[in-house]
Structure formats: C-alpha cells, structure tokens
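See structure below.
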Amino acid sequence: MTHTDLIPSRRGWLALSPMIVFLTLYVAVSAMIGDFYKMPIAVALTAASAWGIGVVMRGGLSDRIGVFSRAAGHSDILYMIWIFVLAGAFASMAKEIGAVDATVALTLRVFPPQLLLPGMFLAACFISLSVGTSVGTVVALAPLAAEMAGAAGAPTAMYVAAVIGGAFFGDNLSFISDTTIAATRTQGCRMDEKFRANIRIVAPAALVSFIAYVFIGSDFTTAMPGLNPAAATPWLIAPYLLIIALAVAGINVAIVLSAGIAATFALGLAGGHDALTLCGYMGAGIDSMGNLIIITLMAAGLLGVIKSAGGIDYLLQRLTARISGARGAQACVAALVGIVNLCTANNTVAIITTGAISRDIARTYGITPRKTASLLDTASCIVQALIPYGAQTLLATALAGISPAAPWPYMVYPWALAVSVGISVAWVRKKREK
C-alpha cells in the first residue's frame with residue numbers, strides 16, 4: 001500500500017464504527033447487565049446497519065442500500081440459508097418421530113453419562129476432520145448434543161460448546177477444509193507441510209480440552225427421566241447414521257441433509273405418521289430457523305457496508321504499520337486474520353482477505369510459509385468459534401434451542417487453542433527461506 005493509498009484515521013474509524021456500534025449494543029450492554037439473553041442479536045445488528053447506511057456510507061440512499069443488499073444476497077449467504085432451512089426441517093422431524101431419543105438411549109448403553117461430554121467432543125473432532133467442514137459437523141451433532149445434555153443432567157450449552165470446539169478442530173486441520181485450502185494457496189505451501197506445523201499447535205489444545213471435559217462431565221450423571229435405553233428402537237437411529245456416513249464420505253452438506261430428510265420421512269411413514277403430519281413437523285423446524293436467517297442476512301449486509309466503506313483496508317493498514325522482529329510478524333499475522341474475521345464472521349473470507357499481505361510479512365521477516373498458513377487458519381478458527389454471530393454458533397444454538405451466547409462459558413477448546421498459538425508465537429525461531 002503506497003502513501004497515496006493510506007486511509008486517514010478519521011475515515012478509517014468511521015468505516016469501522018458500525019461494528020463498534022454492534023459490539024457495544026450486544027456485547028458491552030449484555031456484559032454490563034450480566035445477561036446475554038436480554039439484547040437480541042438481530043436488534044443490535046439492525047441498529048448497527050442503520051448507522052452504517054445512514055451515517056457511514058456516502059452517495060444516494062438507494063446506492064447505500066444496494067451495497068447492503070448485495071452483500072446480504074451473496075450466493076454464499078443464500079447457500080448458507082438453504083442449509084439452515086434443510087437442517088431445521090430434518091432436526092424437527094427427526095425429533096418428533098423419536099429418532100433423537102432413540103439415538104441418545106442407545107448411546108447410553110455404550111457410554112455412561114459422565115463420559116458423554118468428552119465423547120461428544122471426540123466425535124465432533126473425528127467428523128469434522130473427515131468432512132472438512134464445521135457446519136456439516138454442527139448439523140450432524142448439535143441436535144444430539146442437546147438431548148444428551150438432558151440425559152446427563154448437564155447444561156445444554158456445555159454440550160453444544162463441545163460440539164462447536166470439536167467442529168473447528170477438523171475445520172482447522174482437514175485436508176479438504178476450505179480454510180486449509182485458502183491458507184495453503186495464499187502462502188504457497190503444501191497441505192502436508194501446513195498440517196505438520198498445525199498439529200503441533202492443535203494437538204496440545206485438543207488434549208487439554210478432552211481432559212477438561214472428562215472432569216467437567218464427571219459432575220453430571222443423572223439419567224433423563226422417562227428415557228429407557230433398553231426400550232429404544234434401533235432402526236430409528238438410521239437417519240443420523242446416514243447423515244454421518246454421507247458427511248464422512250465428503251458429500252455436499254445440502255445433499256446430506258436432503259438424504260436425511262428423505263430417510264426420516266420414510267421412517268415416519270413406516271412408524272404410523274401420515275404425510276401431512278410429517279410435513280407439519282418439517283414446517284415447524286423451518287419456522288424455527290427464521291431468527292437465524294434474519295441474523296445471517298443482517299450480519300452479511302452490515303459487513304458488506306464496513307468493507308465498502310474501507311474498514312477492512314484500514315485494519316490492514318494499521319496492523320501492519322509497526323512490526324518488529326519475527327515474533328511481532330507472527331503476532332501481526334494472527335491479529336490481522338483474527339480481527340478481520342471478527343468483522344466478516346467468516347474464517348475463509350478472513351484468510352483470503354489477509355493472505356497476500358501476510359505472505360509479504362512472512363517473507364520480510366523470514367517466517368516459513370507453512371507456519372504462516374497455520375497461523376492464518378488457526379487464528380481465524382479461534383475467532384470464528386468464539387463470536388456469537390458466527391454461522392456455526394448460530395446454527396448449533398438454533399438447533400439446540402439456546403441463546404447464541406450460552407456456549408461461551410464452556411468453550412474450552414478455542415481458549416486452549418489461543419493459548420497454544422500464543423506459546424507458538426513466543427517460541428518462534430527466525431528461519432529464512434532458501
């Protein structure tokens with residue numbers, strides 16, 4: 001970026017002000033009153049969007065609204081909404097025909113309640129590593145997590161947090177993850193090189209999280225009243241087995257969910273439910289996704305306004321202005337992608353946005369491409385896992401019927417991973433690429 005490209009501080013902060021308005025209304029207000037249920041995310045996003053369109057952006061009102069609308073109507077956002085619709089339909093119908101209760105009951109035959117929490121974390125790690133997507137993992141496990149929490153007499157948010165954490169374990173490491181692909185391509189390294197650098201950071205955090213969940217889960221051993229594992233109908237677990245099998249096979253998540261809906265519908269008919277009743281179950285599930293869809297559209301539009309106003313470019317400009325040494329360079333790369341992810345709520349977009357400038361920083365300060373790719377992927381996943389308006393958290397909490405902020409106190413893995421990244425940066429040794 002040349003001197004003539006520099007964005008003045010006043011204009012830069014103004015461009016970022018919609019995000020500041022949102023964080024103040026949602027996070028700061030909720031923290032001050034001690035209740036994250038009081039301030040709806042949709043209201044905070046609406047106020048921030050109105051500020052961005054009315055105060056921050058320039059030009060005619062129709063042009064400003066057009067920027068917001070194009071960002072909200074992006075094909076990636078609409079695809080995500082399709083996933084939400086299908087997930088809501090499947091989760092509701094599966095629950096109503098008894099598939100969820102059957103799966104939980106059969107699981108209790110194998111695992112005692114005190115081991116369900118670490119088992120759920122491991123299952124999320126395995127599935128996400130296999131499928132390479134945190135969203136697909138959340139779709140497969142979040143409804144089960146909610147029911148298993150009840151079976152163990154534990155807070156639902158605790159189990160949902162374990163699923164979200166495990167989902168980002170694989171999203172960060174998998175060879176077929178879009179974040180891995182974006183990180184390695186922008187830094188010019190092979191996937192196996194990035195994996196080896198990544199596993200040194202991720203494995204300790206995953207081990208610490210598993211041990212923590214073993215101890216936390218041991219405090220909850222009460223079985224769900226009225227749930228009889230011996231009376232569970234084994235064939236009712238087929239939709240979940242099908243979804244997990246197709247997901248692990250790498251099938252597109254929309255196709256996976258469609259297959260799950262078809263299988264569940266067939267089982268419902270075989271179990272005595274009529275077609276209209278089953279459609280009613282699906283309709284109720286789709287309706288339950290309404291708030292989630294609104295939040296997704298509002299967040300995407302708001303972030304489009306911030307980017308159009310120059311907010312992202314200003315962040316890159318300020319964070320790269322003063323770098324000193326290899327440690328500072330690595331810390332800057334991690335901070336860059338993390339803060340951009342905070343503003344975009346999309347870890348893949350954050351990696352692509354900061355990839356080129358991160359590569360320049362790495363070359364200047366002798367940081368290997370594999371380490372830079374690892375930092376980009378890991379730091380973005382940490383932030384994406386922790387923000388309550390990220391797609392994964394919104395979907396998981398919607399399926400579980402809890403507030404997007406509820407899992408926060410139990411998010412062991414992202415915080416353990418953040419500590420691991422900090423240690424990795426602190427122990428860096430400067431190595432010039434040949």
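This chain uses plain numbering: 1 for the first residue, then up along the sequence.
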State, to 0.1 Å, how close A426 and R327 come at their nearest heavy-atom pair, and which atoms those are.
-> O-NE, 2.7 Å
Checking S92 side chain against G88 main chain: does a donor-acceptor pair fall under 3.5 Å?
-> no
Pairwise side-chain contact, I387 with T393, heavy-atom cut-off 4.5 Å (strictly under) = no
State whether the number of non-hydrogen atoms from other residues, nucleotides or ligands found under 6.0 Å of F215 atom CZ is greater than 12.
-> no
Can you check whether T372's main-chain N or O pairs, donor with acceptor, with Q330's side chain at less than 3.5 Å?
-> no
For residues Q187 and S358, determine if any side-chain heavy atom of one lies less than 4.5 Å from a side-chain heavy atom of the other.
-> yes
Would you call F22 and Y389 a side-chain contact if the rule is heavy atoms closer than 4.5 Å?
-> yes
Are side-chain N/O atoms of T179 and D171 paired as donor and acceptor at under 3.5 Å?
-> yes
Approximate separation, where rounding is to 0.5 Å, of L278 CG and T264 OG1 = 9.5 Å
Verdict with reasoning, M148 to L117, per side-chain contact (heavy atoms from CB on, under 4.5 Å) | CA-CA 8 Å; M148 288 185 181; L117 183 60; over 6 Å; no
Derivation of the side-chain contact (heavy atoms from CB on, under 4.5 Å) call for L246 and I255 | CA-CA 9 Å; L246 292 177; I255 298 175; 5.9 Å; no
Rounded to the nearest 0.5 Å, what separation is found between the CZ atom of F168 and the CE atom of M411?
-> 7.5 Å
Side chains of N198 and R370 in contact at under 4.5 Å (non-hydrogen atoms) = no
Kindly compute the distance separating CD1 (I357) from CZ (R359), expressed to the nearest 0.5 Å.
-> 14.0 Å
Kindly say whether G304 contributes a backbone atom to a donor-acceptor pair with the side chain of S308 at under 3.5 angstrom?
-> no
Residues S128 and F169: closest non-hydrogen pair is OG-C, 4.2 Å
Under the side-chain contact (heavy atoms from CB on, under 4.5 Å) criterion, do I201 and L417 qualify, and how do the steps go?
-> CA-CA 7 Å; I201 300 174; L417 190 56; 4.1 Å; yes
Partner of Q384 by side chain to side chain donor-acceptor pair (under 3.5 Å), out of N172, T348, N346, N341 | N341
For F68 against L302, the heavy-atom pair lying closest together | CE1-N, 3.4 Å
Distance from L25 atom CG to W51 atom CH2, nearest 0.5 Å?
-> 11.0 Å
With a 4.5 Å limit on heavy-atom distance, are the side chains of K371 and S424 in contact?
-> yes
Which atoms form the tightest heavy-atom contact between G355 and L376, and what is the distance?
-> CA-CD1, 4.4 Å
Non-hydrogen side-chain atoms of I361 and I367 separated by less than 4.5 Å | no
Just by modelled atom types, is the L116 backbone N or O under 3.5 Å from a matching donor or acceptor in the Y213 side chain?
-> no
Atom pair CG/CG of L315 and L16 - distance to nearest 0.5 Å = 4.5 Å
Results of salt bridge (Lys or Arg N to Asp or Glu O under 4.0 Å) for E96 - residues two or more places apart only = none
What one should report as the nearest heavy-atom pair of A72 and A300 is CA-CB, 3.9 Å
So, S420 side chain and V202 main chain: donor-acceptor pair closer than 3.5 Å or not?
-> no
Separation of I41 CD1 from M298 CE (nearest 0.5 Å) | 12.5 Å
Determine whether more than 12 heavy atoms belonging to other residues, nucleotides or ligands lie under 6.0 Å from atom CH2 of W82.
-> no
Using 30° and 60° as the class limits, which term best fits the ring planes of F121 and Y413: parallel, tilted or perpendicular?
-> tilted
Side-chain heavy-atom pair I293, V85 within 4.5 angstrom cut-off | yes
Any side-chain heavy-atom pair from C279 and F265 closer than 4.5 angstrom?
-> yes
Look only at the side chain of T46 and the backbone of A42, and say whether a donor-acceptor pair between them is shorter than 3.5 Å.
-> yes
How would you list, by chain and number, every residue that makes a side chain to side chain contact (heavy atoms under 4.5 Å, CB included) with I261, sequence neighbours excluded?
-> L86, A89, F90, M93, M282
Donor-acceptor contact present, side-chain T378 to main-chain L375, <3.5 Å = no
Shortest non-hydrogen contact from C381 toward N347 = SG-ND2, 3.8 Å
